[in-house]
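Working notes, structure below.
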Amino acid sequence: MDYVLASEGSFGPHPYLPFLACDEEILYFIDRKRGFHLHLSLVSEMTNYRMGQVDSWEALLAFAEAAWFPSHGLILRPTDRATNGPIFKGIQSTQALQTAYEASRSYCSQGAIWVETDMRAQFNPTRMEVIGELATRLADRLLRLCPACHTPGWGKVGAEKGLPCRQCGQQTELINREIDGCVLCTYKEVRGRSDALSQADPEDCPVCNP
Ligand SMILES: [Zn+2]
Ligand SMILES: [Zn+2]
């Protein structure tokens with residue numbers, strides 16, 4: 001096997017905006033023939049990720065609607081983990097939801113049940129879309145060859161801060177230059193930002209806006 005491609009997703013609070021849920025996808029590519037690894041990740045706020053306790057059929061339906069059911073699957077189980085109650089996964093129809101709801105309730109003394117989004121990709125078209133976007137980025141990256149050794153996977157490996165202020169020229173904390181590198185050899189090239197921004201707003205300047 002010359003090539004390996006692996007996918008992994010994790011869900012939780014956004015790293016910068018903790019009140020937002022997010023989906024972080026990672027694609028890992030290994031080329032055994034050429035001897036290099038490349039992994040790319042993508043954080044997307046586009047996710048239905050949520051979980052909670054509901055104590056009525058109406059509350060469950062409201063949760064389901066907010067979680068983009070039935071195109072997106074749900075997982076149901078009795079809230080009390082101490083029971084040996086079953087876990088229902090990959091629920092994608094109202095009938096299956098009702099069956100799971102009634103079965104789960106029969107295991108709960110207080111009648112409340114636990115519901116969460118099923119984040120396995122085959123039950124989550126939104127996650128598939130995010131993985132698709134990342135796969136396109138990976139494919140684009142593998143089409144770019146290192147100028148020195150011609151290994152696929154040439155692309156951004158780092159960045160330097162210091163974008164100058166438009167008003168006073170002082171270096172700011174914003175990215176000034178991006179660094180492209182090879183996945184196999186040590187060759188690197190420093191270039192301007194991908195978005196071609198060459199000056200910072202005085203608002204981001206430590207002199208103009210201390
Ligand atoms: Zn300034
Ligand atoms: Zn190279």
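Counting starts at 1 for both ligands and their atoms, in listed order.
Vertex the Zn ion (ligand 1); arms to Cys205 SG and Cys168 SG; angle rounded to 10 degrees, 100°. The SG atom of Cys208 and the SG atom of Cys165 meet at the Zn ion (ligand 1) at an angle of about 110°, given to 10°. To the nearest 10 degrees, the Zn ion (ligand 2) sees SG of Cys149 and SG of Cys185 at an angle of 120°.
None of the N, O or S atoms belonging to His150 lies under 2.8 Å away from the Zn ion (ligand 2).
For Tyr28 and His37, the gap between ring centers is short of 6.0 Å.
A donor-acceptor contact shorter than 3.5 Å is absent between the side chain of Ser7 and the backbone of Leu27.
Below 30°, between 30° and 60°, or above 60°: for Trp57 and Tyr101 the angle between ring planes is between 30° and 60°, a tilted geometry.
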For this session: Begin with the C-alpha distance, continue with both residues' side-chain angles, and end with the deciding distance and a verdict on salt bridge (charged side-chain N to carboxylate O under 4.0 Å, His left out) for Arg34 and Asp31.
Result: CA-CA 6 Å; Arg34 295 181 180 86; Asp31 184 332; 2.6 Å; yes
